[in-house]
Amino acid sequence: PWVLAALPGAAPAGWLRCVPPAGAGPLHRFLTASLVYLGWTMLNIAHTAWGAELSPLSHQRTRVNAWREAATLGGIVTSALVPAFVPGGVADDLRALALVTLGLCIPAFAILFATVPDAPSSPRRPGSPALRALIAPLLANAPVRRLLSAWVLNGFANGRPAALFLLVVTHLLQAEDKAGPLLLAYFLAGSLAVPGWTRGAAGLGKHRAWCVAMLWACLIFAFVPFLGAGDWLFFLVICILSGAALGADLALPPAIQADVVDLDTLETGEGRAGLLFAVSSMAQKLGNALAVGIGLPLLEALGFRAAEGGTAGLSALVALYCGAPVVLKLAAIALMWRFPLDAAAQALLRDRLAAAGR
């Protein structure tokens, strides 16, 4: 119901966001953006929770999440390529993107509703529990706390380079015209790497495979300080190699979360996948928001001045772009390396849930 309810508001708002009427101003931008993000939140939380419930098997959950996130990255790559085939200006590009988006989502949702099974809802307790009563079991759940903390740290780590990417390309590499191809390479590498991380998770375990991906990203980011003006080809290699780690960052944490749902169900007696994925979505967005809300003011406080050609505080830009994410990812790795819910532990959880009739 939540997925279905999101469409009537988000789809028209998405069109009007890309194809605004004549005279549209800030109020139009505010309303259409609000409706798009409200609809996306309704849809995404339900969709990810739905994916967690499609299979009780740990590795199958990894595959479900991997396919979803690979498709998401494929959509980003497609959105970058569409304007290349559209003659005209920015307005024509946006109209084409809106047409492609609606042209893909309408049949996709029809297939979703018609063919994908939905797990039966768990019995609801009488009354509406207070938010504190809903959240308290999560805070008492050690694996939930560790996963959410790692998610925030890694989201902060990934959001920092995203917020500073254009500044690095413009002022460190002095290759502003290469920003589009560099971003395209980053997201394409992330999409293509997802199957590899899925296989890695089957052998190493989901949490260890995610840790390896974060370690890999730390290693690649260590080369950024050696770059200078004109080194965009070397940076392209860094974008491709670090983009490969992005596939794990997107696909594996939700798959780990799907196993955490089993533990919560065993402890509370209720199926609360939607609640857990809503909280994890907030954690991920919090990390990204902190990256912008703290990163950009801190960069200015450290002396970087884009208006001065970027020569002032360039070392601060490099340190925040690659140094801070490495520290944050190492902290996330410390939390997740010995994560207790591996495939064997999840299988035991499923046995206990089956014995309890859940």
Side-chain angles (χ1 to χ4, degrees), residues 1-3 44-69 112 115-151 197-211 251-284 335-358:
W2 286 102
V3 176
N44 190 50
I45 291 172
H47 194 229
T48 51
W50 193 350
E53 295 173 339
L54 286 178
S55 173
L57 303 178
S58 180
H59 185 58
Q60 182 67 15
R61 289 169 170 176
T62 305
R63 293 178 61 193
V64 169
N65 282 281
W67 275 98
R68 185 188 64 242
E69 298 304 333
L112 177 73
T115 64
V116 181
D118 194 3
S121 300
S122 60
R124 295 179 61 87
R125 294 181 179 179
S128 299
L131 181 61
R132 182 177 180 181
L134 290 172
I135 300 298
L138 299 183
L139 298 180
N141 189 317
V144 169
R145 294 199 306 269
R146 289 174 67 169
L147 178 59
L148 291 180
S149 299
W151 224 328
W197 291 118
T198 304
R199 290 191 293 271
L204 295 173
K206 287 180 271 195
H207 63 290
R208 289 283 171 87
W210 186 27
C211 289
L252 296 183
I256 299 171
Q257 176 86 320
D259 293 342
V260 172
V261 170
D262 288 340
L263 180 60
D264 181 74
T265 301
L266 186 65
E267 293 180 347
T268 66
E270 298 182 55
R272 310 195 307 166
L275 175 63
L276 267 78
F277 277 97
V279 173
S280 65
S281 178
M282 289 177 62
Q284 188 177 19
L335 286 170
M336 292 302 300
W337 187 257
R338 297 186 182 277
F339 192 72
L341 286 184
D342 56 12
Q346 192 268 341
L348 291 175
L349 277 177
R350 296 304 307 178
D351 291 341
R352 294 175 64 185
L353 285 169
R358 296 170 187 160

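Throughout, numbering of the chain's residues begins at 1 and tracks the sequence.
A pairwise comparison of heavy atoms in Ala345 and Pro340 identifies CB-O, 3.6 Å as the closest pair. Counting all heavy atoms, side chain and backbone alike, Ser281 lies closest to Ile45 at CB-CG1, 4.4 Å. The heavy-atom pair separating Arg352 from Leu266 by the smallest distance is CZ-CD2, 3.4 Å. Considering all non-hydrogen atoms of both residues, Phe277 and Ala258 come closest at CZ-N, 4.1 Å. Taking every heavy atom of both residues into account, Val3 and Ala46 meet most closely at CG2-CB, 3.7 Å. The shortest non-hydrogen separation linking Pro56 to Gln346 is O-NE2, 2.8 Å.
Under the side-chain hydrogen bond (donor to acceptor under 3.5 Å, both in side chains) criterion, Arg208 pairs with no residue, sequence neighbours left out. With sequence neighbours excluded, the residues forming a side-chain contact (heavy atoms from CB on, under 4.5 Å) with Pro253 are Trp151, Trp210, listed by chain and number. In terms of the salt bridge (charged side-chain N to carboxylate O under 4.0 Å, His left out) criterion, Asp342 has no residue partners (sequence neighbours excluded). Under the side-chain hydrogen bond (donor to acceptor under 3.5 Å, both in side chains) criterion, Gln257 pairs with Ser280, not counting sequence neighbours. Arg68 meets the side-chain contact (heavy atoms from CB on, under 4.5 Å) test with His47, Thr48, Asn65, Pro254; sequence neighbours excluded.
Between the side chain of Lys206 and the backbone N or O of Ala255 there is at least one donor-acceptor pair closer than 3.5 Å. A distance-only check finds a donor-acceptor pair linking the side chain of Thr265 to the backbone of Val261 [under 3.5 Å].
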- Before giving the answer on side-chain contact (heavy atoms from CB on, under 4.5 Å), spell out for Leu341 and Leu349 the whole-Å C-alpha distance, their side-chain angles and the decisive distance to 0.1 Å. CA-CA 9 Å; Leu341 286 184; Leu349 277 177; 3.7 Å; yes

- Query: Passes side-chain contact (heavy atoms from CB on, under 4.5 Å), Leu147 versus Val260? Steps please.
  - Reply: CA-CA 9 Å; Leu147 178 59; Val260 172; 4.1 Å; yes

- Between His59 and Thr198, does a side-chain contact (heavy atoms from CB on, under 4.5 Å) hold up when you go through it step by step? CA-CA 8 Å; His59 185 58; Thr198 304; 3.9 Å; yes

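Put simply, the side chain of Arg350 does not reach to within 4.5 Å of the side chain of Ser58, judged on heavy atoms. You'll find the side chain of Val64 stays beyond 4.5 Å of the side chain of Ser55, heavy atoms only. In this structure, the side chains of Phe339 and Ile256 come closer than 4.5 Å at one or more pairs of heavy atoms.
Identified under the salt bridge (charged side-chain N to carboxylate O under 4.0 Å, His left out) test for residues 53-63, with sequence neighbours left out: Arg61-Asp259, Arg61-Asp262.
The structure places CG of Leu348 at 12.0 Å from CG of Leu263, a figure rounded to the nearest 0.5 Å. To the nearest 0.5 Å, atom CG of residue Leu204 and atom CG of residue Leu252 are 10.0 Å apart.
Counting non-hydrogen atoms of other residues, nucleotides and ligands closer than 6.0 Å to CZ of Arg338 gives a total of 12 or fewer.
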